[in-house]
Amino acid sequence: MGKFNRTPIGSTLVSAIPSVPRSARTRSWWGWGYTDAHPDDAECAAMGSLLPGTLARPLPIPRIADLPIARPAVTPPPSLAHLVTGEPRARAAHAMGKAYRDVIRALRARPGRIPDLVAHPTGDREVADLLDWAGEHDVAVIPFGGGSSVVGGVEYRGDAHRAVLSLDLTSMDRVLEIDTAGRSARIQAGALGPVLEEQLRPHGLTLRHFPQSFEFSTLGGWLATRAGGHYATVRTHIDDFVQSLRVVTPAGAGTSWRLPASGAGPSPDRLFLGSEGALGVITEAWMRLQERPRHKASASVAFTDFHRALDAVRAIAQSDLAPANCRLLDAGEALLSGASRDGSSVLVLGFESATGPVGDRLASAMDLARAHSGRAEAPPADRDASAGSAVSAWRSAFLRMPYLRDGLARMGAVVETFETAATWDKIPALIDAVRTGVGAAALKITGHPATVNCRLTHVYPDGAAPYFTVAVAGRPGDEVEVWDDIKAVAGEILHRHRATITHHHAVGRDHRAGYDLQRPEPFALALRAAKDALDPHRILNPGVLLD
C-alpha cells in the first residue's frame with residue numbers, strides 16, 4: 001500500500017480540533033432518520049386514508065429477529081478483529097440504504113444479502129489492512145458513510161463473492177486541521193454533517209453544504225456520490241468545495257495536491273468524485289470553507305401558470321443575483337408542503353451573505369418574478385421569513401417528508417422520488433412528459449390513480465433540475481416490483497428527452513441502466529481500465545457504476 005505519513009503545512013493551521021459528541025437519539029435501522037420521529041400507527045392510517053387503495057392498517061415495524069441473518073461466512077484475523085463486528089443489528093443497519101425500495105423490503109423482511117461483517121476503521125492504515133485482507137479472501141467491500149443512499153449504493157447484490165464486509169467510516173469523523181489564511185480544512189471522510197459543522201463553528205466557518213440528508217450522511221459519502229446541497233445556484237454540488245482528496249485503494253494510497261486551481265492535465269480528484277467507492281475509499285479531504293452567513297432574507301411568489309413560473313425562474317437564474325434558494329413548487333407540491341392551498345405554484349426565494357445586507361437582491365428577484373405574472377408577498381427586511389409563511393411551511397415539510405414517506409410505505413403505498421437535470425429548451429416538455437407518462441404508467445401497473453408532483457431544486461443559467469414525487473397505492477407484497485416498473489418508464493422518458501438519469505442522487509445500482517446509456521463508450525472503456533488497475537480483485541462495491 002502507499003505511504004501514510006504527512007508533510008507539515010504552514011503556520012496558519014489550527015490543529016487538534018476537539019471532537020464532537022454524537023447525538024443520543026437512536027437511528028432507525030430500517031427507515032429514515034431517528035426512531036422517535038417516525039409517524040405512529042394512527043398518523044400512518046390517517047395518511048393512508050388520503051390515498052385510495054392502501055392497506056386498512058399499517059404494516060408492523062420490522063424486527064431484526066425476523067430477518068434471515070446467517071452466520072458470517074468469514075472470520076477476520078486477530079489483527080483486525082477489534083475493528084469488526086458480526087452483531088445482527090449492526091449488520092441489518094448496513095444491509096441497505098434509505099430508498100423507498102429499501103424501506104419496503106425491510107417492512108416485508110426481504111432485505112437481500114446482509115453483510116457478513118461490519119468494520120469501523122479509525123485511520124488510513126486500518127482501511128488499507130482491511131482492503132488487503134478482503135482482497136486475499138474474496139470478500140466484497142462496501143464503503144459506508146451515513147447509509148442514506150437512495151439508489152442502491154451501499155448494498156451488495158448477487159453471490160459472486162464469498163462474503164461481504166460493510167466498511168463504516170464514521171469513526172473517522174474529525175476536522176484535523178484548519179487553514180485560516182486559506183479558509184479551508186482537512187476533514188476525515190466519516191464526519192456526519194452536524195459533527196463536521198460543529199467543529200467548524202467556533203472558527204466562524206462553514207462548509208455550507210446542506211443536503212436533505214445532512215444529519216445522516218458524511219463528507220465521504222457526499223464526495224463519493226457528487227452530492228448536491230440545499231443551495232440552488234452557483235455552488236450547488238460538493239465538487240465545488242474540494243481542494244484535495246486522500247484515497248486508499250487496493251493498489252495503493254495517494255493524496256492530490258492542495259491548489260486553488262490547476263491546469264495540469266486531467267484532475268486526479270475528478271476520478272474519485274462520484275466513483276461511489278468502486279475505485280477507492282476516500283478517507284479525508286481538504287475542503288474550501290466560507291464565513292458563516294449573518295444576513296438572510298426570504299420570500300415566496302405565487303403563480304397561476306406553471307410555465308410562466310418556469311420563465312420567471314429562468315430569468316432569475318440568468319441574472320447575477322445568485323439566490324441561495326430558488327425552489328419552484330408546482331401546485332401539487334405546494335399543496336403537499338402547505339405552501340399554497342389555492343392551486344397556485346409557489347417559488348421560494350432566499351438570499352444570504354456573510355458580508356452585507358441582501359434585501360436589495362431579494363427585491364430585484366421579486367421584480368423579475370412579478371414581470372412574469374408572479375404574485376409576491378412583501379419581502380422581509382433582510383431577515384428570514386416569519387413563521388407561518390409559505391417559506392417556513394415549505395422548509396418544515398422538506399425536512400419531514402422522508403418520515404412521512406416511510407409512514408405511507410407502512411400503508412402499502414408506493415411513494416418515491418427521482419430527479420434529473422436538462423437544458424432550459426427541454427425543461428417544459430420534459431416536465432409535462434414525466435407527469436403524463438409516469439402517471440399513466442402508474443395507473444396501468446396498479447389500477448389506481450397516481451399523484452405526480454414536480455419541483456425545481458437547483459437552477460442554472462443554462463438549465464434546471466426537476467425533482468419528481470410519485471405516490472400511488474401499491475399491490476400488497478409487490479411494492480418493489482411496482483416501483484421498479486414505474487421507475488423504468490421514468491428512465492425511458494428522461495433518456496428520450498436527453499435529461500440526466502440523476503442530478504445529485506448518484507448512480508448506485510438502481511440507475512445503472514440509465515448511466516450506461518448516458519456515458520460515452522470511450523469513457524466507459526477508460527473507467528473499466530481504472531477499475532482493473534485500482535481494484536484488481538474487484539472487491540470494491542461490485543456492481544456500482546460498472547460490472
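Everything numeric in this text was worked out from a predicted model, so none of it was measured.
Using modelled atom types, one side-chain atom of Thr233 and one backbone atom of Pro323 make a donor-acceptor pair closer than 3.5 Å. With hydrogens and angles disregarded, a donor-acceptor distance shorter than 3.5 Å links the side chain of Lys98 to the backbone of Gly31. In terms of modelled atom types and a separation under 3.5 Å, the side chain of Glu479 and the main chain of Val414 share no donor-acceptor contact. At least one donor-acceptor pair under 3.5 Å links the side chain of Glu419 to the backbone N or O of His505. Although no hydrogens or angles enter the test, the distance criterion places no donor-acceptor pair under 3.5 Å between the side chain of Glu276 and the main chain of Ala278. The backbone N or O of Thr500 sits less than 3.5 Å from a side-chain atom of Thr420, completing a donor-acceptor pair. Under the 3.5 Å distance criterion, the side-chain polar atoms of Arg475 are matched with a main-chain donor or acceptor of Ile445. At least one donor-acceptor pair closer than 3.5 Å links the side chain of His38 to the backbone N or O of Trp32. Put simply, the side chain of Arg405 never gets that close to the backbone of Met401: no donor and acceptor are under 3.5 Å apart. Judged by distance alone, with hydrogens and angles left aside, the side-chain atoms of Asp41 form no donor-acceptor pair with the main-chain N or O of Pro58 at under 3.5 Å.
Side-chain polar atoms of Ser337 and Arg455 form no donor-acceptor pair below 3.5 angstrom. Side-chain contact check for Thr170 and Asp168: at least one donor-acceptor pair (N or O, by modelled atom type) lies under 3.5 Å.
Within a 6.0 Å radius of CZ in Arg235, other residues, nucleotides and ligands contribute 12 heavy atoms or fewer. When the shell of 6.0 Å around CZ of Arg57 is examined, it contains 12 or fewer heavy atoms from other residues, nucleotides or ligands. Summarising the local packing, CZ of Arg498 is surrounded by 12 or fewer heavy atoms from other residues, nucleotides or ligands at distances under 6.0 Å.
Using a 30° and 60° split on the angle between ring planes, His237 and His503 fall in the perpendicular class, above 60°. Ring orientation note: the planes of His94 and Phe144 are tilted relative to one another, at an angle of 30° to 60°. Note: Phe418 and Trp483 have tilted aromatic rings, judged against thresholds of 30 and 60 degrees for the angle between ring planes. Taking the six-membered ring where the residue is Trp, His504 and Tyr467 present parallel rings, their angle staying beneath 30° rather than reaching 60°.
Looking at heavy atoms from C-beta onward, Ser217 lies out of side-chain contact with Gln212 at the 4.5 angstrom threshold. Side-chain atoms of Arg435 and Asp330, non-hydrogen and from C-beta on, do get closer than 4.5 Å to each other. Val281 has its side chain within reach of Leu169: a pair of non-hydrogen atoms, C-beta onward, lies under 4.5 Å apart. No side-chain heavy atom of Met96 sits less than 4.5 Å from a side-chain heavy atom of Val103. Two residues are said to be in side-chain contact when any heavy atoms from C-beta on lie closer than 4.5 Å; Trp30 and Pro111 fail this criterion. The side-chain heavy atoms of Phe214 and His230, taken from C-beta on, include no pair separated by under 4.5 Å. Proximity of Pro461 to Trp424: side-chain heavy atoms (C-beta onward) are nowhere separated by under 4.5 Å. Using a 4.5 Å heavy-atom cutoff, the side chains of Arg108 and Leu59 are in contact.
Annotation for Leu430 and Ala499: closest pair CD2-CB, 3.9 Å, computed over non-hydrogen atoms. Taking both residues in full, the closest heavy atoms of Pro542 and Arg509 are given as O-NH2, 2.8 Å, listed atom of the first, atom of the second, then distance. A pairwise comparison of heavy atoms in Leu67 and Ala109 identifies CD2-CA, 4.0 Å as the closest pair. Contact record, Ile427 with Ala464: CD1-O, 3.7 Å, taken as the closest heavy-atom pair. Between Gly153 and Ile142, the shortest heavy-atom distance links the atoms O-CG2, 4.4 Å. Between Met411 and Cys44, the closest heavy-atom pair is CG-O, 3.2 Å.
Between Asp305 and Arg308 there is no salt bridge, since no side-chain nitrogen of the basic residue lies less than 4.0 Å from a carboxylate oxygen of the acidic one. Ion pairing between Arg157 and Asp510 holds under the 4.0 Å rule for side-chain N and carboxylate O. Between Glu521 and Arg528 there is a salt bridge, since at least one side-chain N of the basic residue sits less than 4.0 Å from a carboxylate O of the acidic one. With salt bridges taken as basic N to acidic carboxylate O contacts below 4.0 Å, one links Asp516 and Arg512. Salt bridge Arg113/Asp159: absent, no basic N to carboxylate O contact under 4.0 Å. Salt bridge Arg105/Glu155: present, at least one basic N to carboxylate O contact under 4.0 Å. A salt bridge does not link Asp484 to Lys487: none of the charged nitrogens lies less than 4.0 Å from a carboxylate oxygen.
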Please assess Arg327 against Thr457 for the test side-chain contact (heavy atoms from CB on, under 4.5 Å), listing each intermediate value before the final yes or no. CA-CA 5 Å; Arg327 306 246 172 166; Thr457 60; 3.9 Å; yes
Determine, step by step, whether Val507 and Val544 satisfy the side-chain contact (heavy atoms from CB on, under 4.5 Å) criterion, reporting the C-alpha distance in whole Å, the side-chain angles of both residues, the deciding distance to 0.1 Å, and the verdict. CA-CA 7 Å; Val507 175; Val544 165; 5.9 Å; no
For Tyr515 and Leu545: C-alpha separation, side-chain torsions, deciding distance, then whether side-chain contact (heavy atoms from CB on, under 4.5 Å) applies. CA-CA 8 Å; Tyr515 179 61; Leu545 297 183; 4.0 Å; yes
Determine, stepwise, if the pair Leu55 / Arg410 fulfils side-chain contact (heavy atoms from CB on, under 4.5 Å). CA-CA 8 Å; Leu55 301 175; Arg410 291 185 62 200; over 6 Å; no
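Taking OH of Tyr231 as the start and CG of Asp240 as the end, the distance is 13.5 Å to the nearest 0.5 Å. Between Leu192 atom CG and Thr218 atom OG1 the span is 6.5 Å, to the nearest 0.5 Å. Note that the CD atom of Glu197 and the CZ atom of Arg208 stand 11.0 Å from one another [nearest 0.5 Å]. Distance check, rounded to the nearest 0.5 Å: CG of Leu517 to CD1 of Ile501 gives 8.5 Å. Rounding to the nearest 0.5 Å places CD1 of Ile64 at 11.0 Å from CZ of Arg91. A distance of 9.5 Å separates OG1 of Thr304 from CG of Asp342, quoted to the nearest 0.5 Å.
Not less than 6.0 angstrom separates the ring centroid of Tyr403 from the ring centroid of Tyr34.
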